[in-house]
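Presented below is the structure to which this report refers.
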Amino acid sequence: MEKLISEYVSRMKKEDVLKFATLNGVTLNDDELEIVYKYAKEDWRTICFGNPREILDNLKKQINFESYKKIEALYVYFKNRYSNL
């Protein structure tokens, strides 16, 4: 599973993040997109397999609160959905 995610993240573009966000009702301006993209690219192992609380706390300070709440809810949803893999 980790190898598969690693391959996806290595090919991921900002446009992919923006499309996913938009499809899930998250509105990101250019600066917020850059921030979310950077966390996704650099910290995906912690986000997927570790405790991302510090990442989420930092993200909360850097983007719109409504967008943050939606991102946090999506994180919880997907973490619960795929926790058995």
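Basis for what follows: all heavy atoms, side chains included, without hydrogens, waters or symmetry-related copies. Just so you know, residue 1 is the first one in the sequence shown, and it goes up from there.
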(Q) Are there over 12 heavy-atom neighbours, none belonging to Asp30, within less than 6.0 Å of that residue's CG? (A)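 Not more than 12 within 6.0 Å, no.
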Who are the side-chain hydrogen bond (donor to acceptor under 3.5 Å, both in side chains) partners of [X], not counting sequence neighbours?
| X | result |
| --- | --- |
| Lys41 | none |
| Tyr37 | none |
| Glu2 | Arg45 |
| Lys61 | none |

Quick one: does [X]'s side chain get under 4.5 Å of [Y]'s, heavy atoms only?
| X | Y | answer |
| --- | --- | --- |
| Asn58 | Ile35 | no |
| Asp43 | Pro52 | no |
| Trp44 | Phe49 | yes |
| Tyr75 | Lys70 | no |

Rounded at 0.5 Å granularity, tell me how far [atom1] in [X] sits from [atom2] in [Y].
| X | Y | atom1 | atom2 | value |
| --- | --- | --- | --- | --- |
| Tyr39 | Leu59 | OH | CG | 6.5 Å |
| Glu66 | Ile71 | CD | CD1 | 11.5 Å |
| Asn64 | Tyr68 | CG | OH | 12.5 Å |

Q.
Salt bridge or not between Glu7 and Arg11? Use side-chain N to carboxylate O under 4.0 Å.
A.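 Counted as a salt bridge, because a side-chain N and a carboxylate O are separated by less than 4.0 Å.
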Q) Got a donor-acceptor contact below 3.5 angstrom from the Asn80 side chain to the Val76 backbone? A) yes
Q | Lys14 side chain vs Glu34 backbone, donor-acceptor pair below 3.5 Å | A | no
Q.
Restricting to non-hydrogen atoms, name the atom on Ala40 and the atom on Met12 that form the minimum distance, rounded to 0.1 Å.
A.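 Residues Ala40 and Met12, closest heavy atoms: CB-CE, 3.6 Å.
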Q: Can you run down the salt bridge (charged side-chain N to carboxylate O under 4.0 Å, His left out) pairs that involve residues 49-60, sequence neighbours left out, and say none if there aren't any?
A: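 Sorted pair list: Arg53-Asp57, Arg53-Glu72.
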Side-chain donor-acceptor pairs under 3.5 Å in residues 17-29, sequence neighbours left out?
residue: Thr22; atom: OG1; partner: Leu18; partner atom: O; Å: 2.8
residue: Asn24; atom: ND2; partner: Phe20; partner atom: O; Å: 2.8
residue: Asn29; atom: OD1; partner: Asp31; partner atom: N; Å: 3.0
residue: Asn29; atom: OD1; partner: Glu32; partner atom: N; Å: 2.8

**Q.** Joint cluster assignment, Tyr82 & Met1, ILVMFWY side-chain distance < 4.5 Å
**A.** yes
